[in-house]
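Residue numbers start at 1 and run along the sequence shown.
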Amino acid sequence: MINSKSKYSTFIKSEAKRLGFISCGISKAGFLEDEAPRIENWLSKNQHGTMHYMENNFDKRLNPKLLVDDAKSVISLLFNYYPSEFQPLGSFKISKYAYGNDYHLVIKDKLKELLSSLQNDIGDVNGRVFVDSAPVLEKAWAAKSGLGWIGKNSNLITQKVGSFYFIAELIIDLDLDYDSPTSDHCGSCTACIDSCPTEAIIAPYQVDGSKCISYFTIELKENIPIEMKGKFDDWAFGCDVCQDVCPWNKFSKPHNEPLFNTKPEILSFSKKDWIEITEDVFKNSFKDSAIKRTKIEGLKRNFEFLK
């Protein structure tokens with residue numbers, strides 16, 4: 001006879017697949033003991049740069065029970081964003097995750113529907129949904145639940161589909177069947193380390209966030225340091241280099257989510273079009289996009305730096 005934990009776990013994974021998630025893994029909620037010294041070391045070396053929010057809620061990042069009362073399980077989910085249509089060569093480069101609509105909104109709606117399905121099918125289940133917007137170590141939880149391993153570029157990597165996907169979580173107060181971590185398959189490969197334009201991957205599995213192009217073009221609100229001039233290879237919003245060169249990403253397949261389809265402007269804009277973009281065009285074209293995070297002033301700063 002199937003016990004309730006197995007039944008609920010199977011139901012959750014079935015619903016996740018129905019909602020378009022490519023993978024779903026489940027971990028027992030508890031303190032992430034191995035992550036604590038790693039984060040402390042990262043922060044103490046100031047490798048988070050001006051991302052001061054990373055210093056906040058340290059305990060909550062490590063313990064989901066501080067985010068959800070009586071948390072029992074962390075459900076980790078992956079959602080593919082690999083595009084079928086790409087930017088023209090010679091344009092300023094935009095990270096692929098920002099080609100379509102803002103993932104926070106799209107995936108959060110799907111997570112809310114998943115939680116609602118659980119409550120309708122199981123009953124009194126309390127929990128919260130998380131999409132890169134709260135102090136949750138999503139890569140650590142995804143690895144813990146066997147969805148992949150954390151590679152030398154610090155991204156979660158899977159053998160089946162590489163790393164071009166969003167990670168999201170549902171933390172709930174329900175005991176479930178728990179998955180086991182998988183093994184590391186980076187081997188002796190150093191493609192990501194060798195290819196990083198700013199040498200932000202300072203050692204295998206160690207990324208200095210304050211040297212990353214994504215940090216400079218999105219997170220940093222001040223002027224980009226002059227010593228970085230000429231190193232960005234036309235990346236204006238984010239950077240995909242360490243993923244593009246990863247051998248496991250040869251298995252990436254285009255997503256099936258219409259809301260993530262590449263925006264027409266990203267497909268057609270030349271460098272001249274980007275430089276001349278007006279406030280109205282920016283607001284109308286990217287109102288539902290992650291690109292709006294930089295505001296037009298930030299984007300223009302990036303273009304000016306790349307000229």
Side-chain angles (χ1 to χ4, degrees), residues 9 12-13 16-17 21-42 47-48 54 61-64 73-82 95-97 103 107 130-132 135-171 176-196 199-209 212 214 238-253 255:
S9 301
I12 288 166
K13 292 181 178 182
K17 186 175 182 180
F21 292 98
I22 56 174
S23 297
C24 175
I26 306 172
S27 305
K28 183 178 179 62
F31 186 76
L32 289 171
E33 195 170 331
D34 294 341
E35 294 298 313
R38 185 184 67 80
I39 296 177
E40 277 188 311
N41 184 53
W42 190 71
Q47 292 178 351
H48 58 309
M54 295 297 296
R61 289 183 192 282
L62 297 166
N63 190 355
S73 302
V74 179
I75 302 165
S76 295
L77 304 116
L78 306 183
F79 201 99
N80 183 20
Y81 67 79
Y82 192 73
S95 187
K96 297 175 191 64
Y97 83 84
Y103 65 99
I107 296 179
F130 300 92
V131 189
D132 189 29
V136 178
L137 297 176
E138 63 267 355
K139 287 183 285 189
W141 285 110
K144 191 177 174 70
S145 65
L147 296 186
W149 71 95
I150 297 182
K152 292 176 183 177
N153 60 3
S154 86
N155 285 318
L156 185 83
I157 304 174
T158 75
Q159 287 181 287
K160 289 184 178 179
V161 292
S163 61
F164 286 109
Y165 41 70
F166 300 117
I167 308 174
E169 297 80 34
L170 182 56
I171 301 177
L176 297 166
D177 278 345
Y178 301 121
D179 299 299
S180 301
T182 186
S183 50
D184 185 312
H185 295 276
C186 283
S188 60
C189 179
T190 57
C192 59
I193 300 170
D194 300 337
S195 301
C196 179
E199 300 180 349
I201 309 173
I202 54 177
Y205 312 102
Q206 294 180 46
V207 174
D208 184 342
C212 179
S214 290
C239 178
D240 289 337
V241 171
C242 68
Q243 296 193 82
D244 287 336
V245 301
C246 178
W248 291 109
N249 276 321
K250 67 185 177 185
F251 299 112
S252 299
K253 296 181 175 66
H255 64 76

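Nearest approach of F251 to K160, heavy atoms of both residues: CB-O, 3.1 Å. In this structure, S252 and V161 approach most closely via the heavy-atom pair OG-O, 3.5 Å. For the residue pair I12 and C24, the shortest heavy atom distance occurs at CG2-SG, 4.1 Å. Among all heavy-atom pairs drawn from I157 and C246, the shortest one is CD1-SG, 4.1 Å. Considering all non-hydrogen atoms of both residues, L32 and W141 come closest at CD1-NE1, 3.4 Å. In terms of heavy-atom proximity, L62 sits nearest to E35 at CD2-CB, 3.8 Å.
Here the CG atom belonging to D177 is positioned 7.5 Å from the CD1 atom belonging to I26, to the nearest 0.5 angstrom. How far CD1 of I150 is from CG of D184: 10.0 Å, rounded to the nearest 0.5 Å. Distance check: N249 CG to N155 CG gives 8.5 Å after rounding to the nearest 0.5 Å. How far CZ of F130 is from OG of S76: 11.5 Å, rounded to the nearest 0.5 Å. With values rounded to the nearest 0.5 angstrom, I22 atom CD1 is found 6.5 Å from T158 atom OG1. Note: D208 CG to I201 CD1 = 11.0 Å, rounded to the nearest 0.5 Å.
Annotation: E199, atom CD; neighbour count of heavy atoms from other residues, nucleotides and ligands within 6.0 Å does not exceed 12.
Screening F79, Y81, F166, Y165 against F21 for a ring-ring contact (aromatic ring centres under 6.0 Å, His included) leaves a single residue, F79.
Side-chain contact check for Q243 and S163: at least one donor-acceptor pair (N or O, by modelled atom type) lies under 3.5 Å. In this structure, a donor-acceptor pair under 3.5 Å is absent between the side chains of Y178 and S9. Remark: the S27 side chain and the D179 side chain contain no N/O donor-acceptor pair separated by less than 3.5 Å. Between the side chains of Y103 and D132, a donor-acceptor pair is found at a separation under 3.5 Å. With 3.5 Å as the limit, one finds a donor-acceptor pair spanning the side chains of S95 and D240.
Two residues are said to be in side-chain contact when any heavy atoms from C-beta on lie closer than 4.5 Å; L156 and I167 meet this criterion. Looking at heavy atoms from C-beta onward, C196 lies out of side-chain contact with C242 at the 4.5 angstrom threshold. C186 has its side chain within reach of W149: a pair of non-hydrogen atoms, C-beta onward, lies under 4.5 Å apart.
Between the side chain of S145 and the main chain of A142, a donor-acceptor pair closer than 3.5 Å is present. Between the S73 side chain and the K28 main chain, no donor and acceptor come within less than 3.5 Å of each other.
Taking the charged nitrogens against the carboxylate oxygens, K96 and D244 do have a contact shorter than 4.0 Å, which makes a salt bridge. A salt bridge is absent between D194 and K152: the closest approach of a Lys/Arg side-chain nitrogen to an acidic carboxylate oxygen does not fall below 4.0 angstrom.
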